[in-house]
There are 2 protein chains.
Amino acid sequence: MFLVSLIPIRSGTPGSGPERSDAARNRELLLCAARQLIEECGADALTMDKLAERAGVGKGTVFRRFGSRAGLMMTLLSDSEAEFQGRFMFGPPPLGPGAPPLERLIAFGAGRIGYVLEYGDLARAAEHSVYNRFEVPAAVLWHRHIEHLLREAGLDADPWLMAMSLSATLDPERLLHAVRVQGVSPERLVESWRQLVTRVVRPAE
Amino acid sequence: MFLVSLIPIRSGTPGSGPERSDAARNRELLLCAARQLIEECGADALTMDKLAERAGVGKGTVFRRFGSRAGLMMTLLSDSEAEFQGRFMFGPPPLGPGAPPLERLIAFGAGRIGYVLEYGDLARAAEHSVYNRFEVPAAVLWHRHIEHLLREAGLDADPWLMAMSLSATLDPERLLHAVRVQGVSPERLVESWRQLVTRVVRPAE
DNA sequence: ATACTAAACGGACTACGGTCCGGATAATAT
DNA sequence: ATATTATCCGGACCGTAGTCCGTTTAGTAT
């Protein structure tokens with residue numbers, strides 16, 4: 001039912017045809033330089049100018065390749081993102097199919113919390129697109145997954161909006177703020193998520 | 001217990017002493033010009049340069065007065081914000097004290113949704129501070145209010161984190177996106193909020 | 001009135017994301 | 001090898017938020 005491409009992340013294809021050799025070389029140079037810079041100073045300190053300079057290419061090339069800073073971050077995340085998507089869509093239970101929907105919901109939140117805490121700044125930067133951070137393909141997929149599980153669990157309320165509320169809880173910016181500024185432990189986040197979805201799924205009366 | 005100042009919004013006081021007459025005059029000029037520009041082109045199109053030019057002051061003056069673009073937006077919102085705060089803290093039930101906590105929670109969400117839909121772009125821009133959008137005084141106050149009501153309702157789970165999840169649901173950016181891009185009706189939002197808090201408050205077993 | 005000072009002023013300056021377009025170049029056809 | 005062309009490249013350029021600092025001015029003391 002939900003056969004979305006496993007790799008909906010932009011892989012840096014400005015045109016539709018095959019990639020020219022210099023373009024491919026520059027893409028590798030850029031990704032490599034980006035990872036270096038992030039290693040050295042953190043994702044937040046990565047600027048497109050510095051990236052272009054480090055990679056030894058012009059600034060225009062950076063933007064042609066990745067469209068925007070958020071696009072670059074998404075590309076950097078695409079591997080781990082695809083891996084996570086594979087796990088919750090096709091992997092073993094309780095995250096993957098096979099377990100009861102509530103179990104899967106709980107596991108999804110826990111997985112997502114772990115993911116966000118691991119790739120925090122990157123995930124945050126990837127959503128920092130000026131327009132439509134809710135229509136990033138990955139975000140849409142999570143939303144649909146949650147909605148699907150809510151329906152399977154027999155939710156007797158608006159599943160689309162309820163999935164929106166639950167997605168909001170898993171928003172990287174909020175999670176990172178809770179952990180890094182407020183000092184909330186990841187375990188506490190996971191437990192609260194469990195409490196939340198358990199209550200949401202239970203019938204109203 | 002929660003006696004927070006009713007006006008925690010920054011009112012544009014760079015120093016701590018009284019305001020010099022030229023400073024007061026310029027603040028009025030700026031607020032007036034800002035409202036004009038927003039009326040004409042919308043809040044999103046308001047730039048600090050245009051504002052300075054329209055008000056006939058230097059750009060530095062704008063930033064000394066309001067600190068940042070977000071600070072300006074907060075100042076513009078402060079009246080309606082204070083009014084809303086007054087309603088849910090001291091006003092008549094079900095929003096104000098007197099009604100059962102669940103009723104108050106439902107009313108709070110409904111009120112907040114209405115508020116966001118009315119002052120949408122402004123509220124969004126006010127939270128667009130680069131750092132710490134969760135520590136804006138008004139946001140902290142809402143969070144504490146929700147947490148307080150959850151405790152009063154006898155929630156047997158982590159009230160602080162649960163309040164965070166519920167706050168996330170009421171995030172202006174998300175609400176506006178749902179209404180303006182996805183075409184969700186305000187009534188549907190309110191109903192979903194009611195379903196959500198009703199389930200959250202109910203005991204686990 | 002004059003001198004003094006703390007505060008406010010203004011606009012040049014920086015940093016950054018993003019755009020544009022004339023020139024270079026890789027792939028392909030001949 | 002040469003010509004052709006679609007693609008890519010580079011970096012000058014733009015708009016915007018925010019900073020800095022030399023200059024001006026409002027309030028006050030004398």
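These values consider heavy atoms only, across backbone and side chains, with no hydrogens, waters or symmetry-generated copies. Below, read A as the first sequence line, B as the second, and so on, with proteins coming before strands; counting in each chain starts at 1.
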**Asked** Below 4.0 angstrom from OP1 or OP2 of C/dC9, is there any side-chain N or O of B/Asn26?
**Response**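 Answer yes for this pair, as a side-chain N or O of B/Asn26 is under 4.0 Å from OP1 or OP2.
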**Message:** Can you tell me if A/Arg27 touches the phosphate of D/dC8, counting only side-chain N or O atoms and a distance under 4.0 Å to OP1 or OP2?
**Reply:**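 No, A/Arg27 has no side-chain N/O under 4.0 Å of OP1/OP2 on D/dC8.
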Charged N-O contact under 4.0 Å between [X] and [Y]:
X: B/Glu173; Y: B/Arg133; value: no
X: B/Arg25; Y: B/Asp22; value: no
X: A/Glu191; Y: A/Arg188; value: no
X: B/Glu39; Y: B/Arg35; value: no
X: B/Glu40; Y: B/Arg54; value: yes

**Prompt:** Does any residue of residues 29-42 of chain B have a heavy atom under 4.0 Å from DNA chain D, and if so, which ones, in number order?
**Reply:**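 Correct list: empty, so none.
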**Request:** Test side-chain contact (heavy atoms from CB on, under 4.5 Å) on B/Arg199 and A/Leu155 and set out the steps.
**Result:** CA-CA 11 Å; B/Arg199 284 170 167 77; A/Leu155 178 78; 4.1 Å; yes
**Asked** Taking only residues two or more places apart in sequence or in another chain, which ones pass side chain to side chain contact (heavy atoms under 4.5 Å, CB included) with A/Val190?
**Response**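 Side chain to side chain contact (heavy atoms under 4.5 Å, CB included) check on A/Val190 returns A/Ala110, A/Ile113.
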**Prompt:** Reading nucleotides 20-30 of chain D from the 5' end, what letters show protein touch, with B for base, S for backbone sugar-phosphate only, - for no heavy atom under 4.0 Å?
**Reply:** -----BSS---
Checking the side chain of [X] only, and the main-chain atoms of [Y] only, is there a donor and an acceptor separated by less than 3.5 Å?
X: A/His143; Y: A/Trp160; value: yes
X: B/Ser192; Y: B/Leu189; value: no
X: B/Arg69; Y: B/Leu46; value: yes

**Item:** Difference in axis direction between the ends of the helix from C/dA1-D/dT30 to C/dT30-D/dA1, five pairs, 10°
**Value:**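 Angle reported: 10°, given to the nearest ten degrees.
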**Prompt:** Between residues 43-56 of chain B and DNA chain C, which residues have a heavy-atom gap below 4.0 Å?
**Reply:**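 Here the set is empty: none.
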**Request:** Could you check whether the rings of A/His145 and A/Phe108 sit parallel, tilted or perpendicular, using 30° and 60° as the cut-offs?
**Result:**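 The arrangement is tilted - the two ring planes meet at 30° to 60°.
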**Asked** Would you say the side chain of B/Lys59 and the base of D/dA17 hold a donor-acceptor pair, judged only by whether the two atoms sit under 3.5 Å apart?
**Response**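 A donor-acceptor contact between them is present.
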**Asked** Does atom CD of A/Glu53 have more than 12 heavy-atom neighbours, drawn from other residues, nucleotides or ligands, at distances under 6.0 Å?
**Response**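 Counting other residues, nucleotides and ligands, CD of A/Glu53 stays at 12 neighbours or fewer.
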**Asked** Among the nucleotides D/dG10, D/dG18, C/dC9, which one has an atom lying closest to any side-chain atom of B/Arg65?
**Response**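 Of all the options, the side chain of B/Arg65 is nearest to C/dC9.
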**Item:** Selection residues 163-194 of chain B - residue pairs positive for ring pair (Phe, Tyr, Trp, His ring centres under 6.0 Å), sequence neighbours left out
**Value:**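 Passing the test, one end in residues 163-194 of chain B: A/Phe134-B/His177.
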